[in-house]
Protein chains: 2
Amino acid sequence: MDEIKKYGDILKKNNLKNTKHRNSVIHIIESSNSPITAEEIFLSLKEKGISISISTVYRVLGILVKNRLVVKLNVAEQNKACFEINNKEHKHHLFCVGCKKMIAVDECPIQKYQEILEEKLGFDIKGHKLEIYGYCKSCKEENVVE
Amino acid sequence: MDEIKKYGDILKKNNLKNTKHRNSVIHIIESSNSPITAEEIFLSLKEKGISISISTVYRVLGILVKNRLVVKLNVAEQNKACFEINNKEHKHHLFCVGCKKMIAVDECPIQKYQEILEEKLGFDIKGHKLEIYGYCKSCKEENVVE
DNA sequence: ATTCATGCAAACGGTTTGCACGCAT
DNA sequence: ATGCGTGCAAACCGTTTGCATGAAT
C-alpha cells in the first residue's frame with residue numbers, strides 16, 4: 001500500500017503511468033540485495049503469483065533505466081544485463097567467481113583519480129563503474145585447492 | 001613476417017597451432033588502439049582482403065582469452081563484448097558516451113582499496129574492472145549544450 | 001597420419017518489436 | 001475518450017555449436 005503509493009509518486013514525477021507491473025518490478029529490484037537479471041525479476045514475480053510478460057519486464061526496465069530510477073550493469077563473462085535500484089549512494093560490487101553472487105560495498109576510492117583524469121585528458125567524467133571479482137569467504141574456504 | 005613469427009612463438013608456448021587466422025586476429029587486436037568487437041575484427045580482416053568466418057573469429061577469441069593473451073570486456077549499455085590485448089600492464093578505460101570510443105589509461109587507483117576489502121570481507125580478490133564514462137574532449141566541445 | 005582449425009549453416013539465448021487489446025488518466 | 005501499458009508471438013542480433021572439410025604438426 002504505502003509501497004505502491006511511494007512508487008506511484010516516483011513514477012508520476014517522471015510522467016509515467018502508475019501501473020501495477022511497474023510497481024511490482026521496482027519493488028522486486030529494491031528488495032533484492034544484489035543486482036538481478038530481467039529473468040530473475042520475471043521469476044520472482046511469478047513466484048509471488050504475479051503474471052507478467054517477459055517483454056513487459058524489459059520495457060519497464062528500459063523506462064526505469066532511462067528515468068534513472070534503476071541502473072543497468074553488464075558484468076564480465078556474463079552475457080546478460082543486471083539491474084539494481086539507483087539509490088544515489090555511490091556503490092561498487094564484489095562479484096564472486098565461485099557462487100556468482102554480488103556483494104555491494106559503499107566506499108569509493110577513485111574520486112581523486114577521476115579528477116586527475118579529467119584534467120589530464122580533458123575528459124568530462126559523468127560516472128564510473130567498478131567491479132571487483134574473486135572468491136567470497138565461503139567459496140574461498142571450499143576452494144582450498146590452491 | 002616478424003609479426004607472424006612473434007605470434008607463432010606465443011601460440012606455440014600455449015600449445016596452440018600457429019595458423020594464419022590466429023595470427024591475423026591477434027594482429028588486428030594488437031594494432032587497435034581501443035578494445036574492439038568480434039565483428040569489428042571480422043570487418044577489419046575482410047578489408048585487408050583476409051577471408052575469415054565470423055565463427056572462427058569467435059573461436060580464436062575464445063582461445064586467446066582462455067590463454068590470457070587477450071582480455072574480454074563487457075561494457076554497460078552495450079550488448080556485445082570487446083576484446084583487447086592483455087599486455088599485463090594494468091589498464092582501465094574511459095568510455096565516451098558521445099562517440100562510443102574507449103580510451104585506455106594506465107594508472108590504477110585501487111590497489112589499496114582492494115586490500116582493505118579483502119581484510120574487511122574475507123574476499124579473495126582476483127582482479128577488477130574499472131570503467132569510467134563521460135564525454136571525451138571533442139564530444140565535450142560539440143556538446144556545449146547545457 | 002593424426003590432431004586440431006575452419007567454414008557453413010543452423011541453433012541458441014537474451015532482448016526488442018509490431019500489433020491488437022486493456023487499463024490508467 | 002484518449003493515450004499509453006501490456007501480452008503474445010515473431011523478429012533480432014550477438015554468440016555458440018555440429019558436422020564435414022582442410023591445414024599444421
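Order of the sequence lines fixes the chain letters, A, B, ..., with proteins taken first and strands second; residue numbering starts at 1 for each chain.
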Atom-to-atom span, CG of B/N15 to P of C/dT3 - whole angstrom: 15 Å
Heavy-atom contacts under 4.0 Å between residues 44-52 of chain A and DNA chain D, which residues? A/S51, A/I52
Per nearest nucleotide of DNA chain D, the residue lying toward the 5' end, B/E39 or A/V60, is A/V60
Would you kindly give the CZ-to-P distance between B/R22 and C/dT3, to the nearest whole Å? 16 Å
Minimum heavy-atom separation for B/K48 and B/I28, please, with both atom names. CD-CD1, 3.9 Å
Distance, rounded to the nearest Å, where B/L43 contributes CG and D/dC13 contributes P: 15 Å
Which whole-number value in Å describes the distance from B/I63 CD1 to C/dT3 C1'? 13 Å
Residue pair A/I85, A/V70: steps toward the side chain to side chain contact (heavy atoms under 4.5 Å, CB included) verdict: CA-CA 4 Å; A/I85 288 291; A/V70 161; 4.2 Å; yes
Kindly say whether A/N86 contributes a backbone atom to a donor-acceptor pair with the side chain of A/R68 at under 3.5 angstrom? no
Quick one: B/K66 NZ to C/dC4 C1', roughly how many Å, whole number? 13 Å
What is the distance, to the nearest angstrom, from the NZ atom on B/K80 to the P atom on C/dT15? 15 Å
Would you name the heavy atoms of B/P35 and B/E40 that are closest together and state the gap between them? O-OE1, 4.4 Å
Determine, for nucleotides 16-25 of chain D in 5'-to-3' order, which nucleotides have protein heavy atoms under 4.0 Å from the base (write B), from only the sugar-phosphate (write S), or from neither (write -). BBB----BBS
Can you tell me the distance, in whole Å, between the CG atom of A/N67 and the P atom of D/dG5? 10 Å
Minimal non-hydrogen separation, A/S51 against A/H21, with atom names: O-NE2, 3.2 Å
Phosphate-side-chain proximity, B/H21 and C/dG7, N/O vs OP1/OP2 below 4.0 Å: yes
If you compare all heavy atoms of B/N23 against all heavy atoms of B/G8, which two are closest, and at what distance to 0.1 Å? OD1-N, 3.8 Å
Using the rule given for side chain to side chain contact (heavy atoms under 4.5 Å, CB included), can you reason through B/T19 versus B/V60, listing the C-alpha separation, both sets of side-chain angles and the distance that settles it, and then say yes or no? CA-CA 10 Å; B/T19 72; B/V60 170; 5.9 Å; no
Minimum heavy-atom separation for A/K72 to A/V65, with atom names? CB-CG2, 4.2 Å
Starting at atom CZ of A/F42, determine the distance to atom C1' of C/dG13, rounded to an integer number of angstrom. 15 Å
Walk me through whether B/H27 and B/Y7 qualify under side chain to side chain contact (heavy atoms under 4.5 Å, CB included). CA-CA 8 Å; B/H27 182 247; B/Y7 302 139; 3.6 Å; yes
Of all the heavy-atom pairs spanning A/A38 and A/V57, show the shortest one and how long it is. O-CG1, 3.7 Å
B/I10 versus B/N67: any side-chain heavy-atom pair under 4.5 Å? no
Between B/T56 and C/dG7, is there a side-chain N or O to OP1/OP2 distance below 4.0 Å? yes
Need the bend value for the helix from C/dA1-D/dT25 to C/dT25-D/dA1: angle between end axes, 5 pairs each end, nearest 10°. 30°
